[in-house]
Participant: 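Attaching a single structure in structure tokens format; questions to follow.
When a residue number appears, it is its place in the shown sequence, counting from 1. Please read these numbers as outputs of a predicted model, since none were measured by experiment. Whatever order the structure lists ligands and atoms in, that order sets their numbers, starting from 1.
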Amino acid sequence: MTTPVKAVRGTRDLLPPETALWSRIEATAREVFARYNFGEIRTPIFEETTLFARGVGEETDIVSKEMYTWEDRARAQSEKTQSLTLRPENTAGVVRAYIEHKLSETGQLQKLFYIGPQFRRERPQKGRYRQFFQIGAEVIGPPHAGSESPLRDAEVLEMLASLLEELGIEGWTLRLNSVGSASDRPAYLAKLREAIAPVAHRMCADCQRRAETNPLRVLDCKVAEDQEIIESLPRIADSLDEASRAHFAAVCAALEAARVPYTLDHRLVRGLDYYTRTTFEFTHGGLGAQNALLGGGRYDGLSEAIGGPKAPGIGFAIGQDRLVLTLQAQEQEEAERADAWVAPVGEAQNPASLALARELRRAGLRVELGDGGFRVRKSMEVADRQARRIILLGEDELASGVLTVKDFSTAVQTKIPRAELAAHLLAARAEAKQKKEKQRA
Ligand code: AMP
């Protein structure tokens with residue numbers, strides 16, 4: 001019998017019902033992008049290798065070891081043999097198209113989004129594939145159209161926060177940094193090289209290589225033994241010139257005004273060489289080792305690096321595979337949550353709490369029972385992870401027969417007579433189910 005052919009390592013088939021979730025994510029992204037006035041661009045899946053070598057950077061991991069590159073044979077005398085590459089990312093392709101179609105001549109900002117597969121020969125693991133999908137967007141244009149404004153950075157970040165919220169992704173963190181501009185980076189790189197030189201021999205092989213080729217990437221090293229050294233290296237924030245510092249401060253101020261929470265991460269340098277000034281990542285704890293949901297930044301010199309006019313820009317790419325993983329994990333967690341956690345306030349209320357839990361369970365509810373030995377705060381913390389709401393049972397509640405129910409998703413507390421409690425919780429469950437189904441449709 002012949003051996004069946006399987007999908008190539010690092011690639012996957014997406015089947016129903018999971019594909020419905022992929023479509024829902026794409027539809028939501030399109031809807032949100034449209035509100036911010038973005039239009040769709042579709043660039044070819046393969047490009048000339050030079051585009052990525054010049055755009056992404058020869059020294060990056062992507063270009064130096066992860067690309068699917070081949071020599072494309074000539075089919076006719078008029079054709080030449082060409083080195084072609086399956087796109088490992090889409091920003092370089094978008095900027096190439098921007099230049100090729102002379103979009104700069106419109107004099108306006110171009111706001112373009114894309115959705116599609118990308119290819120990198122990485123070591124496959126959960127959340128990391130060799131064919132993966134990105135949903136990304138770019139804002140690019142001549143400086144006189146405002147493409148360098150920090151408000152563009154903040155707007156893109158605010159859009160991402162809104163998109164994640166609309167997708168129902170909870171618990172993300174926005175990490176933000178500035179890697180400086182073409183004018184202030186060389187001074188920092190010199191300082192960094194100087195600081196690494198005497199300690200490089202104590203660092204991992206990758207850091208030793210990067211110290212020579214791409215010292216910024218040393219900051220990105222995850223090897224535990226190297227962390228102490230890395231923490232002691234000079235910080236890029238201390239080497240930014242006045243203009244870069246003002247730019248970054250303006251991005252932060254606009255985010256604060258729009259109430260988009262962020263944390264500063266002075267080691268966030270990202271794996272692509274084209275970034276200048278603002279760099280960012282949205283991470284999610286539920287993803288494990290591959291915790292970046294999306295990444296991006298400003299690339300003020302990319303267009304010129306690939307032969308175009310001066311066209312500063314900012315963009316991002318969301319890992320769609322990782323969005324799907326996060327939403328699936330959230331749904332699973334949500335499905336496993338109890339309807340209520342009954343928390344006796346003291347040990348004296350333990351027996352009465354068992355009676356209440358029994359009442360609710362007999363009505364068909366999923367109930368967890370705490371212990372009066374816990375402090376109220378501890379009950380709250382534990383219950384928050386396992387149940388949708390908590391019912392505190394103290395002396396007063398037992399005497400009055402009116403119970404306080406705290407809903408963890410809204411933090412709202414409601415007083416409910418004990419006789420109505422089961423019906424109230426069942427109605428809340430039905431309502432939540434209906435809402436979920438509506439969302440899916
Ligand atoms: P990058 O293009 O490297 O800036 O990555 C942007 C986002 O794409 C990351 O934050 C990930 O969510 C996703 N991503 C990058 N590489 C992979 C991969 N090999 N497999 C799955 N997702 C990826």
Participant: Where is the nearest protein heavy atom to atom 13 (C) of ligand 1: which residue, which atom, and how far?
Facilitator: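 Its nearest protein heavy-atom neighbour is Gly319 CA, 3.6 Å.
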Participant: Who gets closest to atom 3 (O) of ligand 1 by heavy atom: Arg120, Gln118, Glu89?
Facilitator: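 Answer by nearest heavy atom: Arg120.
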Participant: On the 0 to 90° scale, with breaks at 30° and 60°, tag the Phe46-Trp70 ring pair as parallel, tilted or perpendicular.
Facilitator: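 Taking Trp70 first and then Phe46, their aromatic rings stand perpendicular (interplane angle over 60°).
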Participant: What protein heavy atom lies closest to atom 7 (C) of ligand 1? Include the residue and the distance to one decimal.
Facilitator: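 The protein heavy atom lying closest is Ala317 O, 3.5 Å.
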Participant: Check each heavy atom of Arg322 against ligand 1 and say whether those closer than 4.0 Å belong to the side chain, the backbone, both or neither.
Facilitator: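 For Arg322, only side-chain atoms sit under 4.0 Å from ligand 1.
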Participant: Which atoms from ligand 1 have a heavy atom of Leu294 less than 4.0 Å away?
Facilitator: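 So the atoms of ligand 1 that pass are 10 (O).
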Participant: Checking Asp321 side chain against Phe133 main chain: does a donor-acceptor pair fall under 3.5 Å?
Facilitator: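 Checking the backbone N and O of Phe133 against the side chain of Asp321, a donor-acceptor pair under 3.5 Å is found.
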Participant: Counting heavy atoms only, which part of Gln290 comes closer than 4.0 Å to ligand 1: side chain, backbone, both or neither?
Facilitator: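 For Gln290, no heavy atom sits under 4.0 Å from ligand 1.
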Participant: At under 4.0 Å between heavy atoms, is it the side chain or the backbone of Leu293 that contacts ligand 1, or both, or neither?
Facilitator: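 Only the backbone of Leu293 comes within reach of ligand 1.
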Participant: Measure up the Tyr274 and Tyr299 rings against each other and bin them: parallel (under 30°), tilted (30 to 60°), perpendicular (over 60°).
Facilitator: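 If you compare the ring of Tyr274 with that of Tyr299, the planes turn out perpendicular.
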Participant: For atom 5 (O) of ligand 1, state which one of Arg123, Gln134, Glu66 supplies the nearest heavy atom.
Facilitator: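 Comparing heavy atoms across Arg123, Gln134, Glu66, the nearest one to atom 5 (O) of ligand 1 lies in Gln134.
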Participant: Residue-level breakdown please: for Arg130 versus ligand 1, do any non-hydrogen atoms fall below 4.0 Å on the side chain, on the backbone, on both, or on neither?
Facilitator: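 Neither; nothing of Arg130 gets under 4.0 Å from ligand 1.
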Participant: Can you tell me if Glu281 has a non-hydrogen atom under 4.0 Å from ligand 1?
Facilitator: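 Judged by the 4.0 Å heavy-atom criterion, Glu281 does not count as contacting ligand 1.
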Participant: Would Glu122 count as a polar contact of ligand 1, with the cut-off being nitrogen or oxygen pairs under 3.5 Å?
Facilitator: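 Checking ligand 1 against Glu122, an N or O pair does fall under 3.5 Å apart.
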Participant: Would you say the side-chain atoms of Thr106 and Gln110 include a donor-acceptor pair closer than 3.5 Å?
Facilitator: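 Checked: Thr106/Gln110 side chains pair up, N/O donor to acceptor below 3.5 Å.
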Participant: For atom 4 (O) of ligand 1, what's the nearest protein heavy atom and its distance?
Facilitator: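 Heavy-atom neighbour on the protein nearest atom 4 (O) of ligand 1: Arg270 NH2, 2.1 Å.
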Participant: Kindly identify the option in Phe316, Tyr129, Phe119 whose heavy atom sits closest to atom 20 (N) of ligand 1.
Facilitator: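 Among Phe316, Tyr129, Phe119, the closest heavy atom to atom 20 (N) of ligand 1 comes from Tyr129.
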Participant: For atom 23 (C) of ligand 1, what is the closest protein heavy atom, and at what distance to 0.1 Å?
Facilitator: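 Its nearest protein heavy-atom neighbour is Phe132 CD1, 3.4 Å.
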Participant: Looking at non-hydrogen atoms alone, which of Gly297, Gly295, Gly127 comes nearest to atom 21 (C) of ligand 1?
Facilitator: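 Checking each option, the heavy atom nearest atom 21 (C) of ligand 1 is found in Gly127.
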Participant: So, taking the atom named CZ in Phe52 and the one named CD1 in Ile306, what distance separates them when rounded to the nearest 0.5 Å?
Facilitator: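 Atom-to-atom, Phe52:CZ and Ile306:CD1 are 9.5 Å apart.
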Participant: Write out the residue and atom name of the closest protein heavy atom to atom 12 (O) of ligand 1, then the distance separating them to 0.1 Å.
Facilitator: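 Going atom by atom, the protein heavy atom closest to atom 12 (O) of ligand 1 ends up being Ala292 O, 2.9 Å.
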Participant: Quick check: closest heavy atoms across Glu158 and Ala258, and the distance to 0.1 Å?
Facilitator: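 Taking every non-hydrogen atom into account, CG-CB, 4.2 Å.
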Participant: If only atom types and distance count, is the side chain of Arg267 paired as donor or acceptor with the main-chain N or O of Leu219 below 3.5 Å?
Facilitator: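 At least one qualifying donor-acceptor pair exists.
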Participant: Give me the atom names and distance for the closest heavy-atom approach of His247 to Ser149.
Facilitator: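 Nearest pair, atom of His247 first, then Ser149: CE1-C, 4.0 Å.
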Participant: So does Glu336 get a backbone contact from the side chain of Glu333, meaning a donor-acceptor N/O pair under 3.5 Å?
Facilitator: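 No, because the side chain of Glu333 does not come within donor-acceptor range (under 3.5 Å) of the backbone of Glu336.
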Participant: Do the side chain of Gln134 and the main chain of Ile318 share a donor and acceptor less than 3.5 angstrom apart?
Facilitator: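 Side chain of Gln134 to backbone of Ile318: no pair is present.
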